[in-house]
2 protein chains.
Amino acid sequence: MPDGANKKTSRIQQRNRHLILDAALDVFSAHGYRGATLDQIAEAAGLSKPNILYYFSGKEEIHVTLLNRLMETWLDPLVEMDETGDPMTELMGYVHRKLDMARDLPRESRLFAGEILQGAPRMHPHLVADLKPLFDQKCAVIQGWVDAGKLAPVDPRHLIFSIWSTTQHYADFDVQVQVLSDNDPMEGARRYLDRLFRQVLSP
Amino acid sequence: MPDGANKKTSRIQQRNRHLILDAALDVFSAHGYRGATLDQIAEAAGLSKPNILYYFSGKEEIHVTLLNRLMETWLDPLVEMDETGDPMTELMGYVHRKLDMARDLPRESRLFAGEILQGAPRMHPHLVADLKPLFDQKCAVIQGWVDAGKLAPVDPRHLIFSIWSTTQHYADFDVQVQVLSDNDPMEGARRYLDRLFRQVLSP
DNA sequence: ACACTTTTTGACCAATTGGTAAAGACACGA
DNA sequence: TCGTGTCTTTACCAATTGGTCAAAAAGTGT
């Protein structure tokens, strides 16, 4: 019984759990929670449906597991923003890290976006318990930089919202971006966003 | 047979069609295409499920009808941007119109976002046929303004992407915004976005 | 080889869901 | 009031889907 974590997980357990979660990330991010089926996940993982349910108690547990793991990764770039560093450098570093994530982890971005879009039915507690404290703390840091005259007087909350939205846009709205772009948009995005935020933050 | 448009639509047809589409907009925008059920739409509309199917041939037709109607509304603010007007005024007007739409039509914004997020399975042709020509044309207009030295040298494509993402964020990620905001965020958003885009566009 | 545990599978279920058929209720002009 | 076409409902169906169960298969240590 792999559900109980009393025994150390075997090699095969680790492998199959990873297979399932990776397949589920594909399917959930492409079709949303309701749109995804266990059969799709099973096929993508190369396992049978009952075998999937041997490792996870149900569809919801797979989804929740993905969401929980995602939260860490997602908050990490913001955590890295250092209060003692140079304000402009720290914030521009954050922008670039977020853009890198949109490029390298589009499935995760879309999974998150889908969950929020539908009212965060499974992640609302996480938002309140994990995201909000970190968000408030970092907003205070930015406000401190503003008050010290090291940044232009911008509202930290909306600044962060705009960093999130502009960067994640390239992952979440990828189809649209592709239709409207002639060549690879990421290099242009990097240049444009660098300029956008540098301008608004310059004191 | 209301499907054939040979006879003029009766009073009751107009009313029920409108009821259904409004209910469907609620349900589809809240749960996505797969997550929405005809029963939910029927209940929200105050009609029976077979009665819904008397007015629309199926779930997909309702969704497609909503998407088609949405396209007009959605592109309208961009259409209004006038080549002969003052560049900064026109662009800032566009920003504010988009933000107004995020405030006043959040269901429409989420319906659109959900469709794009899942790869635009039903709207991809529309993107290519309707959105792209308009987008290219307006990009050319903005590029003209830039070349004339009336705007800072920004990439029009990424400029528009950033206007879309920052404004729609307040509708699509509303739950998150609400969790992280103390008071009503829209007034602050208006001030911040006005500053953000005015800064980056100033020559 | 043997006993024991872990993993995998095939067969099966109950609930949900998109959709249909046909009869009934209703509106309205003659 | 009657007849005709419009609208609505009741009863039903087939497919999908999340999930179960017992038995088979594959490991694993001795």
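First the proteins, then the strands, lettered A, B, ... as listed; each starts at 1.
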Query raised in the report: For the side chain of B:Lys49 and the base of C:dG18, is some donor closer than 3.5 Å to an acceptor across the two?
Result: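 Present.
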Let me know the distance between [atom1] of [X] and [atom2] of [N], rounded to the nearest Å.
X       : N      : atom1 : atom2 : value
B:Arg15 : D:dT6  : CZ    : P     : 17 Å
A:Gln14 : C:dT7  : CD    : C1'   : 16 Å
A:Leu53 : C:dT6  : CG    : P     : 19 Å
A:Glu61 : D:dG19 : CD    : C1'   : 14 Å
B:Phe56 : C:dG18 : CZ    : P     : 16 Å
A:Glu43 : C:dT8  : CD    : P     : 18 Å
A:Arg34 : D:dT16 : CZ    : C1'   : 12 Å
B:Ile41 : C:dT17 : CD1   : P     : 12 Å

Is [Y] paired with [X] through a side-chain N to carboxylate O contact shorter than 4.0 Å?
X        : Y        : answer
A:Glu108 : A:Arg69  : no
B:Asp136 : B:Arg157 : yes
A:Arg97  : A:Asp104 : no

Report task. For atom CD of B:Gln178, decide whether the heavy atoms of other residues, nucleotides or ligands shown that lie under 6.0 angstrom number more than 12. Result ->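 Yes, because the 6.0 Å sphere around CD of B:Gln178 holds more than 12 heavy atoms from other groups.
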Tell me whether the OP1 or OP2 atom of [N] has a side-chain N or O from [X] closer than 4.0 Å.
X       : N     : result
A:Asn16 : C:dT8 : yes
A:Tyr55 : C:dT8 : yes
A:Gln13 : C:dT6 : no
A:Ser48 : C:dT9 : yes

At under 4.0 Å between heavy atoms, what does [X] touch on the DNA or RNA strands: base, sugar-phosphate, or nothing?
X       : answer
A:Leu38 : sugar-phosphate
A:Ala36 : sugar-phosphate
A:Leu47 : nothing

[X] side chain: which of [options] is closest?
X       : options               : value
A:Asn51 : D:dG18, D:dA11, C:dT7 : C:dT7
B:Lys59 : C:dT9, C:dA21, C:dG18 : C:dG18
B:Asp39 : D:dG18, C:dG18, C:dT8 : C:dG18
A:Tyr54 : C:dG18, D:dG19, C:dT7 : C:dT7

Query raised in the report: Using a distance-only test with no angle check, is there a side-chain donor-acceptor pair under 3.5 angstrom linking A:Tyr55 and A:Asn16?
Result: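 Side chains of A:Tyr55 and A:Asn16: pair found under 3.5 Å.
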